[in-house]
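Here the structure is laid out as structure tokens; the discussion comes afterwards.
Predicted model only: the values in this text are computed from it and were never measured.
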Amino acid sequence: MDSKQRKILGHKKQESILAKALISKKLFPVWIFYGPNGIGKLSIALKFAKYLLIDEIPFKSNLDLNENHNIHKLLDNLIHPDFFLLDTINISIDDIRILIGKIYKTPIISKRRVIIINNLENLNKSIYNSLLKILEEPPKNTIFILICNNIGMIPVTLLSRSYKLRFFPLTPIEIETILKMYGNEDNKTLAKISNGSVSNALFLKDNDGVQLYNSIINVLNQDYKSSNQLVAKIIENNFYENFNIVKQLIIQAFYFYIINITGIEKVNIFQNKKINSIKHEIGKVLYIISLLNSGDSFMLDKKAIIAEAFELFFERSSYESRY
């Protein structure tokens, strides 16, 4: 974690809850941090872990530490012997066996051990079963911080034994402030289209996300041929590999389209009489948005989902045949 990550904005309430737990010394053995991807859950978990390992009480109701504190070097470089950071994207059963072998021993330099497991919902069944017994009955002086985007995918047996702390998307102002640390001219627009996620904003910053967003909006006011060219660009540049980010850009562009044709930012298509004449058009867009959201399933072809969204938008008969 570099100094920019340590200064992440937002989540004041969550930091306050964690700080009070440290002050009161009423620390749950298992914590679950959950909320959308890329909003700073891991950064807050690392800040919390540092306090747990130095066994100090926060001076204020946040988790800020002096930048010169030695714990930063130890954790940021993953060389603290009592700290483990595992990511389910590349975790193996051997990693779990090594972890189990270590956490039942006495901590080496701290009073406790801290284990962070990121992307918890992606654990495969065999690894999860190996961890479950430890998570249900954690060893003394060991604290687990589990991070997930979708708490609905976590077994109830684990949820009932954990303290669940929810994190919310950052505001556009908070995103814009963070982006200023990295230097960029389109911070305001990036903040608007990042869906409250710092990682989304940084990806869009590095991949001409503002230009892509504007291209999507322009295509919706052009024709099917133009949309084909845009889809080809998305595929050629491998944007579809970050499907959730591209999906959100397309959805925001469709919402902008609805606002543009209705002049109403919050629309109830079943009650607002002003838009009866374009109810079909709105229904079509809402159907396309539901299609894009269904693309989160790992089994679906992301390229095909993106292409179909524009096909449905420009070919009314194709859309109508699906009802």
Side-chain angles (χ1 to χ4, degrees), residues 1 5-6 8 10-58 62-65 71-72 74-91 95-96 98-100 102-104 107 110-123 127-128 130-151 153-155 157-168 199:
M1 182 193 293
Q5 289 173 299
R6 291 188 206 128
I8 188 169
H11 312 311
K12 291 181 180 179
K13 180 179 178 180
Q14 288 76 11
E15 283 204 43
S16 177
I17 290 171
L18 297 171
K20 288 177 181 177
L22 289 163
I23 293 169
S24 68
K25 298 191 176 182
K26 294 181 180 179
L27 296 165
F28 290 83
V30 181
W31 297 73
I32 294 181
F33 291 5
Y34 70 100
N37 182 52
I39 60 174
K41 300 187 297 296
L42 178 57
S43 294
I44 299 296
L46 287 167
K47 292 175 74 173
F48 186 38
K50 289 174 181 179
Y51 263 105
L52 290 169
L53 291 167
I54 63 177
D55 197 32
E56 293 183 9
I57 295 175
N62 59 49
L63 302 177
D64 292 338
L65 269 172
I71 194 66
H72 293 308
L74 292 173
L75 254 68
D76 295 352
N77 294 295
L78 302 179
I79 56 176
H80 194 298
D82 300 316
F83 174 73
F84 302 87
L85 174 60
L86 304 175
D87 196 308
T88 58
I89 293 174
N90 51 27
I91 195 173
D95 294 325
I96 299 303
I98 292 171
L99 176 65
I100 292 172
K102 289 183 176 181
I103 63 176
Y104 283 101
S110 296
K111 290 185 178 180
R112 59 174 66 92
R113 280 197 168 90
V114 178
I115 298 96
I116 295 177
I117 300 179
N118 197 23
N119 296 306
L120 180 67
E121 63 266 53
N122 294 330
L123 272 180
I127 293 178
Y128 178 77
S130 299
L131 272 174
L132 187 58
K133 186 175 180 181
I134 303 173
L135 293 172
E136 291 180 341
E137 298 178 10
K140 185 179 179 181
N141 298 323
T142 300
I143 291 181
F144 286 87
I145 305 172
L146 313 176
I147 302 173
C148 68
N149 304 326
N150 186 356
I151 198 170
M153 297 178 67
I154 308 304
T157 52
L158 179 55
L159 293 177
S160 63
R161 291 171 170 81
S162 311
Y163 184 95
K164 298 170 283 296
L165 189 58
R166 184 178 182 182
F167 287 74
F168 298 90
S199 64

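- Counting non-hydrogen atoms of other residues, nucleotides and ligands closer than 6.0 Å to NZ of K102 gives a total of 12 or fewer.
- Side chains of I96 and L86 form a contact here, defined as non-hydrogen atoms less than 4.5 Å apart.
- No side-chain heavy atom of F83 sits under 4.5 Å from any side-chain heavy atom of L74.
- S16 is listed as a side-chain neighbour of K20, based on a closest heavy-atom distance under 4.5 Å.
- D82 pairs with exactly one of R113, K111, K50 by the salt bridge (charged side-chain N to carboxylate O under 4.0 Å, His left out) rule, that one being R113.
- In terms of heavy atoms, S199 sits closest to G38 at OG-CA, 3.0 Å.
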Let me see the working for I57 and I23 under side chain to side chain contact (heavy atoms under 4.5 Å, CB included), right down to the final yes or no.
CA-CA 5 Å; I57 295 175; I23 293 169; 3.3 Å; yes
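- The CD1 atom of I145 sits 12.0 Å away from the CD1 atom of I32 when rounded to the nearest 0.5 Å.
- Under a 3.5 Å cut-off, the side chain of E121 and the backbone N or O of I151 do not form any donor-acceptor pair.
- Without hydrogens or angle criteria, Y128 side chain to N122 main chain gives no donor-acceptor distance under 3.5 Å.
- If you run side chain to side chain contact (heavy atoms under 4.5 Å, CB included) between I100 and each of I134, L131, D95, only I134 comes through.
- When every heavy atom of N62 is checked against every heavy atom of P58, the shortest pair comes out as O-CB, 3.5 Å.
- Summarising the geometry, atom CG belonging to N118 is positioned 10.5 Å from atom CG belonging to L123; distances are rounded to the nearest 0.5 Å.
- Ion pair D55/K25 not flagged as a salt bridge, since none of the NZ, NE, NH1 or NH2 atoms sits closer than 4.0 Å to an Asp/Glu carboxylate oxygen.
- In this structure, the separation between CD on E15 and OH on Y51 is 9.5 Å, given to the nearest 0.5 Å.
- Scanning all heavy atoms of the two residues, the minimum distance from I103 to T142 falls at O-OG1, 3.8 Å.
- Of the possible donor and acceptor atoms, none in the side chain of N77 sits under 3.5 Å from a partner among the backbone N and O of I79.
- Judged purely by distance below 3.5 Å, without hydrogens or angles, the side chains of H80 and S110 pair a donor atom with an acceptor atom.
- With K164 as reference, L159 is the one residue of L159, I154, L146 to meet the side chain to side chain contact (heavy atoms under 4.5 Å, CB included) rule.
- A pairwise comparison of heavy atoms in H11 and I39 identifies NE2-O, 2.6 Å as the closest pair.
- K47 places none of its side-chain heavy atoms less than 4.5 Å from the side chain of L18.
- Between atom CD1 of residue I117 and atom CD1 of residue I127 there is a gap of 10.0 Å, rounded to the nearest 0.5 Å.
- Interatomic distance, CG of N37 versus CD1 of I147, reported as 10.5 Å (0.5 Å rounding).
- The ring pair (Phe, Tyr, Trp, His ring centres under 6.0 Å) test with W31 singles out one residue from F48, F167, F144, and that residue is F48.
- A distance-only check finds a donor-acceptor pair linking the side chain of R112 to the backbone of L52 [under 3.5 Å].
- Atoms CG and CG, on N150 and L120 in that order, are 11.0 Å from each other to the nearest 0.5 Å.
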